[in-house]
Protein chains: 2
Amino acid sequence: MYSQPESRIVIIEDDQTIREGYAYLINHTSPYQVVATYPSFDAAKHKISKDQPDVIILDIQLPGTNGIDALPQLKKLLPQVYIIMLTVYETEKTILDALANGASGYFTKNTPTAKLIEAIKDVLNGGGPMSPDVAKTVILSLQKNPDSPLTKRETQILELITIGKDRGQIAKELFIEVETVKTHTKNIYTKLNVNSKAEAIQVAKDKRLV
Amino acid sequence: MYSQPESRIVIIEDDQTIREGYAYLINHTSPYQVVATYPSFDAAKHKISKDQPDVIILDIQLPGTNGIDALPQLKKLLPQVYIIMLTVYETEKTILDALANGASGYFTKNTPTAKLIEAIKDVLNGGGPMSPDVAKTVILSLQKNPDSPLTKRETQILELITIGKDRGQIAKELFIEVETVKTHTKNIYTKLNVNSKAEAIQVAKDKRLV
DNA sequence: AAAAAAATACCCCCTAAAGGGTGATTTTTT
DNA sequence: AAAAAATCACCCTTTAGGGGGTATTTTTTT
C-alpha cells in the first residue's frame with residue numbers, strides 16, 4: 001500500500017506558530033493536505049472524526065488532556081489513524097509510553113518540516129519513523145547488560161522466570177529436571193544477592209539482565 | 001560530538017559482491033574509510049582489534065558464528081565500537097535480539113549505500129538508525145493492546161506484578177491496603193481467566209496488556 | 001438524578017510452590 | 001590438569017499466594 005496524495009492530516013499542537021507553520025508548509029510543499037488543526041485534544045475530540053484524518057500530528061504537552069492520554073482516545077475514535085508524536089520531551093519513559101499507547105512515530109520539535117513530511121510518507125507506507133535521538137533511546141531501552149554475572153543457562157532460566165513460568169514449566173521447556181532448575185535458581189539468587197523470585201525479577205529488570 | 005571524517009569502518013559480510021560493493025562505495029562516496037573487510041566473524045576475531053574500527057557493519061547470516069552471537073564478542077573486544085546490523089532477516093525476534101545484544105542500528109540488505117553512509121554518520125553522532133520497516137517492528141513490539149479488558153488500576157497492578165512486586169510492595173506503592181490489592185488481583189484473574197500470578201504474567205506478556 | 005462501573009477494604013481458610021541446605025556427577029572451557 | 005558450568009537428588013520448612021464471601025465509597029457514564 002502506497003501513500004495517497006490526498007492523504008488527510010490533522011495537527012494538534014498548542015503553539016500557534018508551530019501549528020500554522022507546519023500546516024502551511026505541509027500544504028504547500030507536500031502532496032498531503034492539512035484538513036484541520038487544533039490547539040488541544042479537548043478542542044479536537046468532538047470534531048476530529050469528521051475530519052477523517054489519515055495521519056495526526058500530536059503534541060505531547062497540551063493544555064488539558066496531554067498527548068499521551070489523548071493517544072488511546074484518538075485510537076478509539078479513529079482506529080486506523082497513524083499518529084506521529086511531536087514533542088520537546090525525550091525522556092525514555094515519555095517516548096516508551098507514547099509508543100506503547102499506539103504512536104506510529106516520534107519526533108522532537110526541532111525537526112524540519114521536510115523530515116516530518118517524509119515521516120508522514122513513512123507511516124502511510126507502514127514504516128515507523130523516529131528522529132535519530134529517539135531511535136537511540138528506544139534502542140537503549142532494549143539493550144541488555146553486557147556485563148551480566150550470570151551464565152548463559154542462568155540467564156535463560158531467569159528470562160523464563162520473568163515471564164511467569166514456574167519450575168515445572170521451565171524444566172519441561174529446557175528438557176531438564178525440576179531439581180536442576182532449582183539449583184540454577186539458587187545460583188542466580190546467590191549471584192544477584194536476592195532470595196526470592198520476586199526480588200530476582202526486580203533485579204533482572206533493573207539491571208537489564210534479561 | 002561529531003563524526004570524524006577519518007572514522008574507520010570494518011565490514012563483516014560473507015557475500016563477496018555485497019562486501020566489496022559497499023566497501024568501494026563507502027570509500028569513494030563518503031568521508032569514511034573501510035579499513036578491513038572479512039567474510040566471517042571467525043575470520044575477523046583475531047585481527048579486528050588491530051583495525052581499530054569505529055563502526056562495524058555486521059551481517060547476521062554468516063558462516064560459523066552468526067552475527068547475533070558475534071555481537072557480544074565484538075563488544076567485548078571493542079567496547080566503544082558501534083555496530084550496524086545488515087541482514088535479510090527481519091523477524092521481530094531477530095531484530096530484538098540484535099538490539100538487545102548491543103547493535104546500534106539495523107538495516108535490511110536492500111538498503112542503498114547512501115542510506116548506509118547516513119547511518120554511519122548517525123551512529124557516530126549517537127543516534128540509532130534503522131530502516132523504516134525495522135523501526136516499525138520495534139515500535140510494534142513496544143505497543144500495548146488497546147482493547148485490554150482491564151481497568152486502569154488493574155493494569156497498573158498487573159504491571160507491578162509483572163515486574164516482580166508482591167502484594168505488600170504494590171500496596172505501599174499505590175497507597176492502598178494489601179486487601180485492596182488482593183481484590184484487584186482477583187478481578188484481574190477473573191477477567192484474564194487465570195488463577196495464579198504466574199499465569200497472569202504470561203497472559204499479560206502474551207496479550208501485551210502491560 | 002439515577003445507574004453503573006471502578007476502587008477501596010475486611011474476614012476466614014488452606015496448601016502448593018518456593019526457598020534453604022548439602023552433596024555429587026558430567027560436560028565444557030580455559 | 002584445573003576451573004567453570006550444567007546436571008540431578010533428597011530432606012525439610014514456611015509464607016506468599018489463592019478461593020470465597022461481603023460491603024462501602026468514589027468516580028464515571030448515561
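Lettering of chains follows the sequences in order, A, B, ..., and the numbering in each one begins at 1. Everything numeric in this text was worked out from a predicted model, so none of it was measured.
Residue B:Arg153 has its side chain nearest to C:dA7 when only C:dC11, C:dA18, C:dA7 are considered.
Counting heavy atoms from C-beta on, the side chains of B:Val35 and B:Val10 come closer than 4.5 Å. B:Asp54 places none of its side-chain heavy atoms less than 4.5 Å from the side chain of B:Tyr82. Between A:Asp69 and A:Phe41, the closest side-chain pair of non-hydrogen atoms is not below 4.5 Å. A heavy-atom distance below 4.5 Å is not found between the side chains of A:Val34 and A:Tyr24. The side-chain heavy atoms of B:Leu124 and B:Tyr32, taken from C-beta on, include a pair separated by under 4.5 Å.
Near DNA chain D, meaning a heavy atom under 4.0 Å from it, residues 198-210 of chain B has no residue at all. A heavy-atom distance below 4.0 Å to DNA chain C is reached by these residues of residues 170-178 of chain B, ordered by number: B:Ile176, B:Glu177.
No engagement by B:Asn187 is indicated, since no non-hydrogen atom pair under 4.0 Å with the nucleic acid exists. Backbone-only contact: B:Thr151 has heavy atoms under 4.0 Å from sugar-phosphate atoms and none from a base.
The nucleotide C:dT30 finds its pairing partner in D:dA1, both defining distances of the Watson-Crick or G-U wobble pair being shorter than 3.5 Å.
The phosphate of D:dT7 (OP1 or OP2) has a side-chain N or O of A:His184 nearer than 4.0 angstrom. Look at A:Thr180 and you won't find any side-chain N or O under 4.0 angstrom from OP1 or OP2 of D:dT7.
To the nearest angstrom, P of C:dG20 lies 13 Å from CD1 of A:Ile188.
Heavy atoms of other residues, nucleotides or ligands lying less than 6.0 angstrom from NZ of B:Lys205 number more than 12.
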What nitrogen or oxygen pairs link the protein and nucleotides 21-23 of chain D at under 3.5 Å?
residue, atom, partner, partner atom, Å
D:dG21, O6, B:Lys186, NZ, 3.2

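Between the side chains of B:Asn110 and B:Thr108, at least one donor-acceptor pair of N or O atoms lies under 3.5 Å. Between the side chains of A:Asp133 and A:Ser131, at least one donor-acceptor pair of N or O atoms lies under 3.5 Å.
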Hey, mind stepping through A:Asp97 and A:Tyr89 against side chain to side chain donor-acceptor pair (under 3.5 Å) and telling me if it holds? CA-CA 12 Å; A:Asp97 276 353; A:Tyr89 291 128; over 6 Å; no

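Among B:Leu74, B:Ile48, B:Ile11, B:Ile9, the one residue that satisfies the side chain to side chain contact (heavy atoms under 4.5 Å, CB included) test with B:Pro53 is B:Ile48. Results of the side-chain hydrogen bond (donor to acceptor under 3.5 Å, both in side chains) test with B:Gln16 over B:Glu13, B:Arg19, B:Glu20 single out B:Glu20 as the only residue that passes.
Along DNA chain C, the nucleotide nearest to B:Lys191 and the one nearest to A:Tyr189 differ in position, and the one closer to the 5' end is contacted by B:Lys191.
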